[in-house]
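Just so it is clear, the structure is predicted and the values come from calculations on it, not from any experiment. Counting starts at 1 for both ligands and their atoms, in listed order.
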Amino acid sequence: MKKSLNVAVCGATGAVGREMLKTLAERRFPCASITALASARSAGTRVPFGDDEITVKELTKDSFKGIDLAIFSAGGSVSTEFAPHAVASGCVVVDNSSAWRMDERCPLVVPEVNPDDLEKHNGIIANPNCSTIQMLVALKPLHDAAVIKRIVVTTMQAVSGTGKKGIDELETQVRRLFNMQDIEPKAYPHQIAFNCLPHIDVFQENEYTKEEMKMVNETHKMLDPNIRVTATCVRVPVFFGHSESVNIETEKKLTAAQARVILSQAPGIQVLDNPRANLYPLAVNAAGEDDVFVGRIREDESCENALNLWIVADNVRKGAALNAVQIAEELMKRDLVSVANPGMFL
Ligand code: NAP
């Protein structure tokens, strides 16, 4: 069993990649070495790692010689092209993009939800979509207790979900509008400052967006294929932290009080639910935190066995970097940092 790993972070200059390096250092992940990879544009620049800085190298097919674990957050096309070469070098990949999530060879894992799926990995483990991660951390214990039949979710997603360019766009638009200057939307089809866009990722033939269908398909793959799911995903002018209004219908009756007890005992969750004291989860407070926050837990008066919940988490942290590092920790704990068939994805 390996006690420490040679680790590479691909996309190390991005919003998720930087958080990944921060999370690895904060959690003292046992790195024998750490390599920061990005495009040729950033080669030679430096990124923080703990109290140090490391020099970024260009990602190439040969980047993975001697690397045990590569965490990818450089977009779907980069993962599609380079993850197979990493696996061919004997390196285990944890991928943050959507490239491999629905591939049957690749487990899709949230450690609080389906850690045992790691046992059947073939070299690439997919990290789910940020909105799905926080929703399923909160819904898994309720599903275990009462069997969820249907989920209706509306998300309010921060601009950091679009990476550096989303953060820059909101900041630029707010500054320009306050200075009475024109704005030119680039990262989004419309103005995002002081606005809400019911449009995340591309529209599909069924009129849902790809982001909305990720929540449906990933819930089926990780939690239960029998749950009916419908989602509306909205981009809002918040820098960090996704908020979700979630309605669940269950087979067994679950009171709000029972749900509060179940959630407060579950891993990775903090219940913040005292509306009379104005206490409920907020994106600004979730930013930088590890946990998924749940509040506004109440019985749906329009339906016999149903609950409403308000679920908030830091999309870049639990929604991406932290979940990936937790997967890596679980792989180490289970002695699963090895590749049986290096040629599988080539
Ligand atoms: P980002 O801020 O735009 O960063 C993109 C990173 O990818 C940068 O380091 C960039 O390097 C690198 N990159 C781009 N093209 C490359 C290439 N051809 N070769 C090597 N590196 C390349 O984006 P992000 O928000 O961090 O997201 C990265 C991935 O994580 C995406 O797949 C996204 O869907 C996923 N994700 C993001 C979130 C979130 O909340 N942001 C949550 C879950 C999953 P340069 O600086 O050199 O361009």
Between D273 and R260, does the salt bridge (charged side-chain N to carboxylate O under 4.0 Å, His left out) criterion hold? Intermediate values first, please. CA-CA 8 Å; D273 198 17; R260 265 181 224 113; 2.7 Å; yes
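- Applying the salt bridge (charged side-chain N to carboxylate O under 4.0 Å, His left out) test to residues at least two apart or on different chains, the pairs with a partner in residues 216-226 are R101-E218.
- Residues N308 and N247 bring a donor and an acceptor atom of their side chains to less than 3.5 Å of each other.
- Looking only at distances, no side-chain donor or acceptor of N6 sits under 3.5 Å from a matching main-chain atom of A32.
- Counting heavy atoms from C-beta on, the side chains of I34 and I54 come closer than 4.5 Å.
- Protein residues are said to neighbour a ligand when one of their heavy atoms lies under 4.0 Å from it; for ligand 1 these are G11, A12, T13, G14, A15, V16, A38, S39, R41, S42, L59, S73, A74, G75, V78, N96, S97, C130, S160, G161, G163, K164, N315, V316, G319, A320.
- When atom types are taken as modelled, the side chain of S42 and the backbone of A38 share no donor-acceptor pair closer than 3.5 angstrom.
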